[in-house]
> 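I am attaching a structure below and will ask some questions about it afterwards.
Numbered from 1 within each chain, the chains take letters A, B, ... in sequence-line order.
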Protein chains: 2
Amino acid sequence: MSTGVDELDRMAASRLSSDGQRYTANRRALVAVLREADAPLTIPQIIERRSTLATSSVYRNLDLLERAQVVQRVVTNDEWVRFELAEDLTGHHHHHLVCNGCGLVLDFELTSRFEQSIDEHLEAVAQEHGFVPHLHRLDLVGLCKDCSPPPHPEAALR
Amino acid sequence: MSTGVDELDRMAASRLSSDGQRYTANRRALVAVLREADAPLTIPQIIERRSTLATSSVYRNLDLLERAQVVQRVVTNDEWVRFELAEDLTGHHHHHLVCNGCGLVLDFELTSRFEQSIDEHLEAVAQEHGFVPHLHRLDLVGLCKDCSPPPHPEAALR
DNA sequence: ATTTATGCAAATCGTTTGCAAACCT
DNA sequence: AGGTTTGCAAACGATTTGCATAAAT
């Protein structure tokens with residue numbers, strides 16, 4: 001179903017090489033961290049998980065991996081840029097739940113039927129504006145379980 | 001149909017005052033610039049349009065106007081935060097076409113029927129994750145008319 | 001050998017903050 | 001007068017860049 005580890009590495013290597021770039025140890029490490037994560041990671045989070053990585057190399061390599069379409073950038077309302085593996089590498093087109101409280105970003109998927117419906121609507125809009133569609137982005141912004149006030153505070157006190 | 005200028009000012013004033021804040025000349029200027037714009041503006045764009053505004057005041061007042069729900073922040077993939085009037089002030093819930101070439105952000109609207117359909121789908125997802133939905137965000141990312149290569153380059157040369 | 005990648009430190013640049021003067025009410 | 005807002009300049013912090021070393025081909 002989902003892409004295997006070695007297959008992922010092969011695909012990443014192939015995309016980098018068509019971009020004239022090498023798949024170095026640092027770049028492998030970035031792909032591995034992102035594969036292990038279940039949500040898009042900020043740069044500090046990436047460095048926490050692979051403390052040998054130099055900050056500047058992380059920035060440089062994420063840019064490079066983004067240009068090669070191996071990873072993609074996720075922006076939310078908080079000050080951190082996050083990164084995740086490119087959707088067509090993982091095979092999972094997905095969207096994000098974004099918590100306004102703690103900044104958490106969770107992935108979710110919609111039915112392909114509904115995705116198709118979204119694309120049809122957006123296609124029409126794009127045409128009206130002479131816009132060439134590339135991808136859509138649908139996020140749900142709100143409060144996660146931990147950040148939302150409990151429904152019955154008095155009950156929690158008993 | 002859409003909110004009138006003075007009505008907009010009244011609503012802005014009222015939201016600020018329930019927040020214990022004044023509707024000063026600088027804040028009026030920000031609301032006016034955003035009302036005059038047809039797309040979300042970056043801070044440099046705002047200052048260009050009202051050159052008397054001090055940078056620090058623009059930042060401080062946009063934060064304050066955002067907390068009072070008079071304006072809202074729009075993030076795209078580029079390095080600039082943009083601001084627009086809060087949707088419920090203008091009465092137009094809308095989405096954004098984001099150009100990957102020049103950073104342009106255009107507003108568009110979907111049918112209310114489709115908006116409702118989106119909300120239903122997202123509501124279900126939110127419930128699964130114990131998430132309290134606040135708003136959704138649906139952008140179409142691609143290339144605008146000016147940034148997309150012409151369909152028939154040779155025709156353009158004649 | 002030559003090119004490319006890395007790590008460190010310094011520079012950059014959007015944003016935030018301290019503070020004294022101007023502005024309300 | 002008392003509290004708030006403003007503008008300037010300095011501080012901040014995430015990101016970028018310069019450069020000398022290390023690694024890859």
> Answer with yes or no whether B:Ser56 presents, from its side chain, a donor or acceptor under 3.5 Å of a partner atom in the base of D:dC8.
yes
> In this structure, how many angstroms lie between the P atom of C:dC13 and the CD1 atom of B:Ile43, rounded?
17 Å
> Give a yes or no on whether A:Gln45 atom CD has more than 12 heavy-atom contacts from other residues, nucleotides or ligands under 6.0 Å away.
yes
> Tell me, which pairs form a salt bridge (Lys or Arg N to Asp or Glu O under 4.0 Å) where one or both residues lie in residues 104-125 of chain B, sequence neighbours left out?
none
> Rounded to whole Å, please give me the gap between CG in B:Asp78 and C1' in D:dA14.
16 Å
> Taking atom C1' of D:dA14 as reference, at what distance in whole Å does atom CH2 of B:Trp80 sit?
14 Å
> Output the residues of residues 15-29 of chain A in contact with DNA chain C, where contact means a heavy atom of the residue under 4.0 Å from an atom of the strand; sort by number or write none.
A:Gln21, A:Arg22, A:Thr24, A:Asn26, A:Arg27
> Give a yes or no on whether the backbone of B:Cys144 and the side-chain of B:Ser148 come within a donor-acceptor separation of less than 3.5 Å.
yes
> Go nucleotide by nucleotide along DNA chain D from the 5' end; which of A:Val81 and B:Thr52 gets its closest nucleotide reached first?
B:Thr52
> If you look only at pairs with a residue in residues 12-27 of chain B, which of them pass as a salt bridge (Lys or Arg N to Asp or Glu O under 4.0 Å), with sequence neighbours excluded?
B:Arg15-B:Asp88
> Might you point out which heavy atoms bring B:Arg82 and B:Gly103 nearest each other, and give the distance in Å?
NH2-O, 3.2 Å
> Distance check needed: D:dC12 P versus A:Glu79 CD, whole Å only.
16 Å
> Out of B:Leu138, B:Val141, B:Asp139, B:Leu106, which residue meets the side chain to side chain contact (heavy atoms under 4.5 Å, CB included) rule with B:His96?
B:Asp139
> Whole-Å distance between D:dT5 P and B:Leu53 CG?
16 Å
> Give me the residues of residues 59-72 of chain A where at least one heavy atom lies under 4.0 Å from an atom of DNA chain D, by number, or none.
A:Tyr59, A:Arg60
> Roughly how many Å is it from CD1 in A:Ile47 to P in C:dT6, rounded to a whole number?
14 Å
> Using the benzene-type ring in the case of Trp, are the ring centres of B:His136 and A:His95 under 6.0 Å apart?
no
> How close or far is atom P of D:dG7 from atom CG of B:Leu30, stated in whole angstroms?
10 Å
> List for me each residue that meets side chain to side chain donor-acceptor pair (under 3.5 Å) alongside A:Glu36, sequence neighbours excluded, and say none if there are none.
A:Arg50
> Strictly by salt bridge (Lys or Arg N to Asp or Glu O under 4.0 Å), give each pair with a member in residues 56-67 of chain A just once, sequence neighbours left out.
A:Asp63-A:Arg73, A:Glu66-A:Arg73
